[in-house]
Amino acid sequence: MPPKRKAPPGQASAAKAGRASAMSTPGPATPRSLDSSMMSEADEDFDEDVTEAQREREAMLSKEADEFVNKFTFGGKRLQGQSDDSGREVRRYDAATPFFRKRDFSHLPLKPDHQNRPLWIDPDNCTVVLERFNPLAEQATDFLITIAEPKSRPTFLHEYALTPHSLYAAVSVGLRPRDIINTLERFLKTSLPDVVRKKIEDHTRSFGKVKLVLKHNKYFVESVDAEVLQTLLKDKVIGALRVHGSGSDKFTTSYAPTMGGLVIPGTQNAAGVHQANLKPAEKKPGEGGGASNEADLFTALNEEDDDDDKEAVHAFEISDANVETVQKRCLDIGYPILEEYDFRNDDVNPNLEIDLRPNTQIRPYQEKSLSKMFGNGRAKSGIIVLPCGAGKTLVGITAACTIKKGVIVLCTSSMSVVQWRQEFLKWSNINPDDVAIFTAESKNKFSGSTGIIVTTYSMVTNSRERSHDSKKMMDFLRGREWGLMLLDEVHVVPAEMFRRVISSIKSHSKLGLTATLLREDDKISHLNFLIGPKLYEANWMELSQQGHIAKVQCAEVWCPMPTEFYDEYLRANARMKRTLYAMNPRKFQACQYLINYHEARGDKIIVFSDELYSLKQYALKLKKVFIYGGTSQAERMQVLENFQHNPEVNTLFLSKIGDTSLDLPEATCLIQISSHFGSRRQEAQRLGRILRAKRRNDEGFNAFFYSLVSKDTQEMYYSSKRQAFLVDQGYAFKVITQLANIEKTPDLAFATPQESRELLQRTLVDNERGAEDDVETDDLFGKPGRGGGRGGNGRKNNGGGVRRTAGMLSELAGGQDMAYIEQNKAANKALKGKGGKKGAGGGGADGQSKFFKGLQREKDKSRARGA
DNA sequence: AATAGTGAAA
DNA sequence: TAACCTTCACTATT
């Protein structure tokens, strides 16, 4: 037994502080860390203080339990809000009751055969919980992804939310309200609460009644129900936007002769049938129950549809520019606009000669997502969410092959433009002349009357002066109707700039593709009226279990900071903080260790760092290749080529350039040493980089994802935020606090305190000197690189000028004392607010110091820009 | 043809 | 809670 030590009061409070800080680090890791270190310490060392320690622990545990319950309580906000419901009924109380507080629904009577039913429901906020281990789980899952939004899908319990959007999606896929209610009733353990029933009825009543139709290059709001249109026109927003054609205030009323009888009952699942014809063996017997059930529903609906088609259709026109406004308004007032394209009966637009190559195989989930899009024989606009590496491109191409009209594909970078074209040629029999690329380099049109154009968002949205060719091309794009608009990485669209695409190019249907329907702002919901509802979202875990994407082991490695680093960290400004926790020598060692370990296993490793300084330092010290924004095109190609084929080059360091704009070869291991705040999108996108790795099948996992985190720094908080999405997808993050035998690593860097201190000094000097040089001499770039040369990567720095201006203010602040930082921040903000628009009035900032000189320069620049 | 400058995303 | 650097694509310039 170890000698007992009586804890001096000071130490006890230190332990308390430590514990408090551990508590304040949110995320799934917290309980584990408490178990392993804190608990044992408390038990052994603080024997004498047992009562106090215990009390403290109990308090902590109960607080933790509260947090835990809160986390799994739906609508935690309401919980605090309503404090008293004493008037209602007397509830039974037991030991667990306090944990549930007001979220106790044990009064809802269970059905006698509840064990055979997989769903629970929370009537207050329409959250549905699915038991994955229930025999009926498969069928229920199929149903739930149609009517509800997946919130969280770990191994055993899945959480879905019924939202207006998700119900809208369900209706647009062809389910009727009563189908939804009946099926829910069938799967629920309790009877469907009336509140929910009413909600579903209310929300779905008006759905699917209004359509947006493109006719002769003009947009019309269309409905079979004249009263609905009247309602819309009475709305102050929509009514004002109506285009009054030819002086008549009546609707244009027409009949829809083309629809009657052409959609043959049973084939409404057009895409599905199409695919089934291609490959009948693809149908899985296991899916029988859910699929046929769904098919029944669709059949029922379709008969009704045929009746509708014989009715009159009423419409009024709106202008291109107002489409977005009208769509948004309609959604707000409960009449979401549905975009459907009856492509098979479109005689106006020429057909495109395109088909999938005969031996092409569509995977079941791809087929499923497409059957949602073409559920009733027409093309519905919407969004399909598939993880990276799961074949998004093929889904888009298959959609194009089904519609067989002109297609416009929008990508985020010119590189993926080239890829999309190649994929089209690879998977379909399209004539290469009919797939044209529209970027800065190439502005070709297709040869025939119709075809495919692949371009970038920025090319289409660019509002500045255009080159002559570019202008002509845009007129061409604007002047015609497209059958399908494919929006790659659709989560970028809600940005102010990019949403203009929607109104400037007219297409009959839109299909958005993305892996991560995530943004850190709340604009993602805008996609519902910009593009359409989410038609399908794949379950990552399911795909990896079926072997379509890699099985990934995720781990978070906690690296303690040496005290001298931590002292410096506490003192540093935000910019320096980020550099310091990336340069943590213990983190460097962990990185070195992991690289060694995985290279020995034969893995290909990618290391991500957002922090450029540390990226270079790591790569140079470990003698590995690296790519960042300034790396020239030719060299990027060369490095990637080597990484892919040269057995000597197994590790590649990347800045955040690797997130989107590089076509990375397959890798099996990924290490993150620094990242962009709490961006869940980035985390998911990076993980996506190794999902393609599925060749090796030797063990349980075929890919590894490490996140290196400096302990007790901001990183801990960001890291837990970043992981939220992946945790919801069912990934479990293992916390590693100790790497086995790390001290045996050959040439372990910074092993002595001396080296560690040197590293700190150099880091500080390198990052400060740069700023001073910049201001004083204005000649930073004539010098041979701070932080050592370019280790074999001799390249020209073309981004220098840009970086200089950008780095100016913040670096200056770093060189000054605290008082200065405050000023700088305030001034920076003021500059932001005024600058650019009206040319900030020349206020008190006269050229007194370096700081104000820099500020003045910024100001001049923004004024020049504005004029 | 290579490079500088710019707006915009996040 | 805000932070705020890096990166990209486009166009104009030398």
Side-chain angles (χ1 to χ4, degrees), chain A residues 410-418 438-443 455-471 473-474 489 491-500 516 518-524 573-579 582 608-616 627-634 636 654-662 674-683 685 714 717-718 721-722 767 770 781 796-811 813-814 821 824-826 828-829 831-832 835-836 861-862 864-866:
Chain A
L410 292 156
C411 318
T412 44
S413 74
S414 59
M415 186 203 65
S416 59
V417 167
V418 178
F438 174 41
T439 52
E441 298 115 55
S442 131
K443 298 180 174 68
T455 180
T456 63
Y457 289 104
S458 50
M459 204 67 209
V460 177
T461 49
N462 189 5
S463 51
R464 270 173 312 174
E465 200 57 28
R466 293 172 173 283
S467 66
H468 181 69
D469 285 351
S470 186
K471 237 179 213 156
M473 194 64 179
M474 274 311 293
E489 310 291 340
H491 55 265
V492 304
V493 171
E496 259 339 295
M497 188 74 188
F498 289 151
R499 65 198 310 162
R500 289 212 296 268
T516 49
L518 279 180
R519 290 181 132 249
E520 296 309 316
D521 53 22
D522 56 351
K523 286 184 184 156
I524 208 73
N573 63 353
R575 176 76 191 77
M576 186 59 93
K577 273 195 167 83
R578 298 215 297 140
T579 311
F608 274 105
S609 169
D610 265 29
E611 231 276 317
L612 281 191
Y613 178 74
S614 49
L615 173 83
K616 286 180 200 164
I627 297 179
Y628 70 105
T631 312
S632 73
Q633 209 63 44
R636 286 180 199 186
L654 292 177
S655 73
K656 66 179 163 195
I657 191 178
D659 292 346
T660 49
S661 35
L662 277 183
S674 148
S675 42
H676 185 87
F677 300 109
S679 168
R680 294 168 295 165
R681 199 209 86 260
Q682 191 185 43
E683 188 100 340
Q685 208 134 31
Q714 287 249 289
Y717 165 71
Y718 290 134
K721 270 193 88 167
R722 293 166 61 79
N767 284 284
F781 302 96
K796 286 173 209 159
N797 187 348
N798 68 348
V802 179
R803 188 150 44 252
R804 179 176 56 192
T805 38
M808 192 120 155
L809 283 173
S810 57
E811 277 176 347
I821 295 172
N824 177 20
K825 269 192 175 160
N828 213 344
K829 262 195 188 131
L831 185 71
K832 240 183 194 169
K861 232 178 257 169
S862 61
R865 227 177 284 143

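No experiment lies behind these values; they were computed from the predicted model shown. The sequence lines fix the lettering, A, B, ..., with proteins before strands; numbering per chain opens at 1.
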**OP:** With heavy atoms under 4.0 Å as the rule, sort A:Arg636 into base, sugar-phosphate or nothing.
**Re:** sugar-phosphate
Original post:
In whole angstrom, what separates A:Tyr718's OH from C:dT1's C1'?
Top reply: 9 Å
Original post:
Taking the side chain of A:Thr439 as its heavy atoms from C-beta onward, which of C:dT7, C:dC10, C:dT1 lies nearest to it?
Top reply: C:dC10
Original post:
Which listed nucleotide (C:dA9, C:dT7, C:dC4) is nearest to the side chain of A:Ser458?
Top reply: C:dA9
Original post:
Over how many whole Å does the gap from A:Phe677 atom CZ to B:dA9 atom P extend?
Top reply: 18 Å
Subject >> Options C:dA3, B:dA9, C:dT7, nucleotide nearest the side-chain atoms of A:Ser655 >> reply: C:dT7
Original post:
Among C:dT6, C:dC8, B:dA8, which nucleotide sits nearest the side chain of A:Met497?
Top reply: B:dA8
**OP:** Would you please say whether a donor-acceptor pair under 3.5 Å links the side chains of A:Gln685 and A:Asp659?
**Re:** no
Subject >> A:Tyr628 OH - C:dC8 P separation (whole Å) >> reply: 11 Å
Original post:
Mind checking what makes salt bridge (charged side-chain N to carboxylate O under 4.0 Å, His left out) contact with A:Arg680, not counting sequence neighbours?
Top reply: A:Glu520
Original post:
Nearest of C:dC4, C:dT6, C:dC10 to any side-chain atom of A:Met459?
Top reply: C:dC10
**OP:** Scan A:Thr660 against the nucleic acid and name what it touches under 4.0 Å (heavy atoms): base, sugar-phosphate only, or nothing.
**Re:** nothing
Original post:
NA contact type, A:Glu520, heavy-atom cut-off 4.0 Å: base, sugar-phosphate, or nothing?
Top reply: nothing
**OP:** Compute both the distance and the angle, then confirm whether A:Lys616 meets the cation-pi test with A:Tyr628: under 6.0 Å from the six-membered ring centre, within 45 degrees of the axis.
**Re:** yes
**OP:** Say whether A:Glu489 and A:Thr412, considering side chains only, have a donor N or O and an acceptor N or O under 3.5 Å apart.
**Re:** no
Original post:
How many Å lie between CD on A:Gln633 and C1' on B:dA2, as a whole number?
Top reply: 14 Å
Subject >> Whole-Å gap separating C1' (B:dA9) and NE2 (A:His676) >> reply: 9 Å
Subject >> Gap between atoms NZ and P, on A:Lys656 and B:dA9 respectively (whole Å) >> reply: 14 Å
Original post:
Nearest to the side chain of A:Ser470 - C:dT11, C:dT6, B:dA9?
Top reply: C:dT11
**OP:** Using salt bridge (charged side-chain N to carboxylate O under 4.0 Å, His left out) as the criterion, list what pairs up with A:Arg722, not counting sequence neighbours.
**Re:** A:Glu683
Original post:
At under 4.0 Å between heavy atoms, what does A:Tyr457 touch on the DNA or RNA strands: base, sugar-phosphate, or nothing?
Top reply: nothing
Subject >> Length of the line joining A:Lys471:NZ and C:dC10:P, which is rounded to integer Å >> reply: 17 Å
Original post:
Taking OP1 and OP2 of C:dA9, is either one under 4.0 Å from a side-chain nitrogen or oxygen of A:Thr456?
Top reply: no
**OP:** Check whether any side-chain nitrogen or oxygen of A:Ser661 sits under 4.0 Å from OP1 or OP2 of C:dC8, and answer yes or no.
**Re:** yes
Subject >> Rounded interatomic separation in angstrom, taking CG from A:Leu654 and C1' from C:dT7 >> reply: 13 Å
